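Nothing here was measured: the structure is a model prediction, and the numbers come from that model. The first residue of the sequence shown is numbered 1, and numbering continues consecutively from there.
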Amino acid sequence: MAKLTGKVLYIYPTQQLTAKSGNAFSKRDFVLAVQSFDRDTGEPTIDTENTPQLSLTNDRCTQLDNIAVGQIVTVDFYLRGRRYRDESNKEKIITDINVTSVRGISTVPTPTPQTQAAPAHSPTPSPSPQPQPNSKQDDLPF
């Protein structure tokens with residue numbers, strides 16, 4: 001299982017589709033601008049050039065009902081590859097991204113309560129002790 005975090009750019013309506021086998025299924029697509037990390041500072045940034053379209057199917061489609069465009073989300077998914085042969089009998093591979101969950105992340109910073117007000121005046125610091133001549137602290141050769 002892998003995870004992606006990013007900003008939701010688009011949420012499409014749920015589609016009712018029919019597979020080649022004749023089975024009906026639901027599909028709902030969404031587009032995510034993936035979060036990456038700055039090489040120099042390590043700070044998270046939203047990469048607006050890296051925007052995969054992801055899909056949820058069947059009962060998972062409703063996970064997007066409580067997600068808004070612009071919201072930061074975490075997506076759990078796994079990759080699945082399958083082989084097939086095209087018309088010229090050449091083997092090809094289709095890679096599917098199977099999204100298992102989409103969870104919104106709270107982006108509103110929570111205020112931290114101040115524990116104490118700053119004192120009106122700071123107390124005078126006590127003088128630091130000075131080393132006494134010929135003490136063990138004063139054994140420098142210069």
For [X], enumerate each residue passing the side-chain hydrogen bond (donor to acceptor under 3.5 Å, both in side chains) test, keeping only those at least two apart in sequence or located in another chain.
| X | result |
| --- | --- |
| Thr18 | none |
| Thr14 | none |
| Asn23 | Ser21 |
| Gln15 | none |

Residues in salt bridge (Lys or Arg N to Asp or Glu O under 4.0 Å) contact with [X], at least two apart in sequence or another chain:
| X | value |
| --- | --- |
| Asp40 | none |
| Asp76 | Lys3, Arg103 |
| Arg60 | none |
| Arg80 | none |

Just list the side-chain donor-acceptor pairs under 3.5 Å for residues 85-94, sequence neighbours left out, or say none.
from	atom 1	to	atom 2	distance (Å)
Arg85	NH1	Asn89	O	3.0
Asp86	OD1	Ser88	N	3.1
Asp86	OD1	Ser88	OG	3.0
Asp86	OD1	Asn89	N	3.2
Asp86	OD1	Lys90	N	2.8

Mind checking who shares a hydrophobic cluster with Val75, ILVMFWY linked at side-chain heavy-atom distances under 4.5 Å?
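Via sub-4.5 Å side-chain contacts, Val75 links to Leu4, Val8, Ile11, Phe30, Leu32, Val34, Leu54, Leu56, Leu64, Ile67, Val69, Val73, Phe77, Leu79, Ile97, Val99, Val102.
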
Tracing side-chain links under 4.5 Å among I, L, V, M, F, W and Y, which residues wind up in one group with Phe25?
Leu17

Between Thr41 and Asp38, is there a donor-acceptor pair closer than 3.5 Å when you use the side chain of the first and the backbone of the second?
no

Under-4.0 Å salt bridge between Asp65 and Arg28:
yes

Under the salt bridge (Lys or Arg N to Asp or Glu O under 4.0 Å) definition, can you give me all pairs with a residue in residues 93-102, not counting sequence neighbours?
Arg82-Asp96

Taking everything shown except Gln16 itself, do over 12 heavy atoms lie less than 6.0 Å from its CD?
yes

Euclidean distance, Gln53 CD relative to Tyr12 OH, rounded to 0.5 Å
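Rounded to the nearest 0.5 Å, the OH-CD separation comes out at 5.5 Å.
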
Just how far is it from atom CG of Asp47 to atom OG of Ser36, taken to the nearest 0.5 Å?
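Asp47 CG to Ser36 OG: 4.5 Å, rounded to 0.5 Å.
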
What pair of heavy atoms forms the shortest contact from Gln63 to Ser101, and how long is it?
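Heavy atoms only, the tightest pair is OE1-CA, 3.0 Å.
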
Within a strict 4.5 Å, meaning less than it, do heavy atoms of the Met1 and Thr100 side chains meet?
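In contact.
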
